[in-house]
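Indexing begins at 1, ligand by ligand and atom by atom, following the structure's order.
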Amino acid sequence: MRVSEMLLPTLRETPAEAEIISHQLMVRAGYIRKAAAGVYTLLPLAWRVVKKIEAIVREEMDREGGQEIMMPIIQPAELWQESGRWNVYGPELFRLKDRHGRDFCLGPTHEEIITDLVRGEVSSYKQLPLLLYQVQNKYRDERRPRFGLMRGREFIMKDLYSFDRDEEGLEVSYRKMYNAYSRIFRRCGLKFRPVEADSGAIGGNDTHEFMVLADSGEALVVYCPKESCGYAANVERADSPPDLTGPGEEARPVQALETPGLRTVEEVTSFLKISPRKLIKTLIYSTDKGMVAALVRGDRDVNEIKLMKVVGAINMELAAPEEVSRVTGALPGFAGPVGLSGIKVVADPEVGAISNAVSGSNKKDVHLVNVNPGRDFRPDSVADIRTVRAGDPCPRCGAALAGARGIEVGQVFKLGAKYSTVLGATFLDEKGRSRPIVMGCYGIGVTRTMAAAIEQNHDENGIIWPVSIAPFQVVVVLVSVKDSGQAGLAEKVYRMLTGAGIETVIDDRNERPGVKFKDADLVGYPVRVTVGSKGVASGEVELRLRTGGDTAMVPVHELVSRVSRILAGEQVAGE
Ligand code: ATP
Ligand code: MG
């Protein structure tokens, strides 16, 4: 392609609304333009990257026996009513009506459609296992669409669904996808980590998320730094043995203490000159199973997902101040477990190990000191409800866990018989017995993967594409369009590279070389070939890698082999 003919609108200014680097660079380098919040047009370069990622995804899905299909984006409400999700999916579901007033939605995911397909077409064990996938736009009316393609309301996803006879079969399918995902993200040039993830409020099933490690990631993960151990989990899911090492003081009598206006852990502990580890933090939640008081040590946070599971709730949120007053008798900040009644109390095991603790008193401006769990209150249940953090011991080997931020680019999930049971997708086994098909689902965010690749591969000048997903591999920069010798050589070089099957653009615009170099860096072509006046005389061109390092003058006749070697992974510009 010729840059003079391409739709490649680069900008000098960083767009104000773009908070993270991938969003900024995709707008500045002319990859995307916004149509509405979370809805984007992908310009030619972005579309080329998407197609590269999709090609890798398709290859690896097909290698594992996946068969590609294309399901409808518009899905009838009836199927969602049948699965029970029409009412529970909530405002993220884009709903619409047809001209007859019938309800539909735009697919955020396709369990209903595919289970409906399979219940109609599969009836015998001989037809299983089956791996079906598609690559398609998905629609989710996200509460906070942001970060460009990272969290869109319309985005491209590859979703595969596995259908097996039994749990052992599912295990095989799951492993296939787990391994395929690892190959896909490796081939995309990403540094990633599969982590154990939460399987939702109903829970119990295995699931892993594939996290691209980046500071802008919205997810927090912890992992064991010991290579031989390998434990890694989303903090939503992570476990760690409780710290039960209290000072074991002799219990003193409870005392009430005036703490006017002191509500937060910080305020109370600095006023009393105690460690937050001495404090019992009491948070009041309102749930579909009633009001719940969650107790954790003062230096800990409540893991709401764990708490929901303990309570068996599907919906849960921090109670509003009025509700807190109603159930505890005081505003938030003064709630405490002593004398609390009419509300379920769940305590983290670490709370039980605090002696002579400080807690709220359920009276305004008063805290209690020398509270001793067991003596002064008894929780309804004791369960792990705290959020694990870096430094906590690994649940497998005890080493101190490390923490990182991650971008979830993919997830693999064992569904079991959840959908096949409610939708009646059954098959007859060898003995003629009817059994529900055992399912798994596996998603990759294609557009999010593109954004994540930029988060990991950029510098102050722009994007640095991994070769495998670069929109073009080489840019030929013609320094002066007006110099016919240069122009002739640049054209020759361009034809040679293109002829060798190397995806090349030629920057033939009548622009200053500085502008072309800046754009080349911004767009992120892995290899730059510069044709200037020096080269015309000597039959040489300048070769430079976007990853940095030295430039080198290369004889034109050696260029193709040199570039081919670079693209094959040998990082040698100036050898
Ligand atoms: P998140 O927790 O980030 O909202 P999710 O767990 O809801 O994602 P899944 O249902 O697991 O997402 O979807 C599979 C993949 O689709 C995700 O791993 C992610 O890569 C991608 N994805 C999900 N939501 C979005 C979105 N709003 N914009 C872009 N990609 C998305
Ligand atoms: Mg997910």
Q: Cationic tip of Arg48 within the cone over Phe472's six-membered ring, i.e. under 6.0 Å and within 45° of the normal?
A: yes
Q: Please state which protein non-hydrogen atom is closest to atom 22 (N) of ligand 1 and give its distance, to 0.1 Å?
A: Phe155 CE1, 3.4 Å
Q: Can you report which non-hydrogen protein atom sits closest to atom 15 (C) of ligand 1, along with the distance?
A: Gly445 N, 3.8 Å
Q: Taking the side chain from Arg448 and the backbone from Gly410, do they hold a donor-acceptor pair closer than 3.5 Å?
A: no
Q: Students should be able to answer this: which protein heavy-atom is nearest to atom 20 (O) of ligand 1, and at what distance?
A: Val409 O, 3.0 Å
Q: Going by the atom numbers of ligand 1, which of them fall below 4.0 Å from some non-hydrogen atom of Leu149?
A: 29 (C)
Q: Show, in sequence, the C-alpha distance, side-chain angles and deciding distance for Tyr125 and Asp166, and conclude whether the side chain to side chain donor-acceptor pair (under 3.5 Å) test is met.
A: CA-CA 10 Å; Tyr125 69 95; Asp166 47 31; over 6 Å; no
Q: Distance to 0.1 Å, residue and atom name: give those for the protein heavy atom nearest to atom 11 (O) of ligand 1.
A: Gln411 OE1, 3.1 Å
Q: Side chains of Tyr133 and Asp62: donor-acceptor distance under 3.5 Å anywhere?
A: yes
Q: Please confirm whether Glu218 approaches ligand 1 to less than 4.0 Å, judged on its heavy atoms.
A: no
Q: Just go through Met157, Met211, Lys158 and tell me whose heavy atom is the nearest to atom 14 (C) of ligand 1.
A: Met157
Q: Would you mind checking which non-hydrogen protein atom is closest to atom 28 (N) of ligand 1, with the distance to 0.1 Å?
A: Gly152 N, 3.0 Å
Q: Taking atom CE of Met439 and atom NZ of Lys414, what is their separation to the nearest 0.5 Å?
A: 15.0 Å
Q: Under 4.0 Å from a heavy atom of Glu142: give me the atoms of ligand 1 that qualify, with their elements.
A: 24 (N), 26 (C), 27 (N)
Q: What protein heavy atom sits nearest atom 10 (O) of ligand 1, and how far off is it?
A: Arg140 NH2, 2.9 Å
Q: Name the closest protein heavy atom to atom 2 (O) of ligand 1, giving the residue it belongs to and the distance to 0.1 Å.
A: Glu408 OE1, 3.5 Å
Q: How about Tyr181 and Lys158: does a side-chain donor come under 3.5 Å of a side-chain acceptor?
A: yes
Q: Considering non-hydrogen atoms of the protein only, which is the closest contact for atom 1 (P) of ligand 1, and what is the distance?
A: Arg151 NH2, 3.5 Å
Q: Could you walk me through whether Phe155 and Tyr40 pass the ring-ring contact (aromatic ring centres under 6.0 Å, His included) test, one step at a time?
A: CA-CA 9 Å; Phe155 58 95; Tyr40 289 86; over 10 Å; no
Q: Would you check if the side chain of Arg386 reaches a backbone N or O of Ser240 as a donor-acceptor pair within less than 3.5 Å?
A: yes
Q: Once rounded to 10 degrees, what value does the angle at the Mg ion (ligand 2) take between OE1 (Gln411) and OE2 (Glu408)?
A: 110°
Q: State the atoms of ligand 1, each with its element, that fall below the 4.0 Å cut-off from a heavy-atom position in Gly410.
A: 18 (O)
Q: Please determine, by modelled atom types, if Glu236 and Asn303 share a side-chain donor-acceptor pair under 3.5 angstrom.
A: no
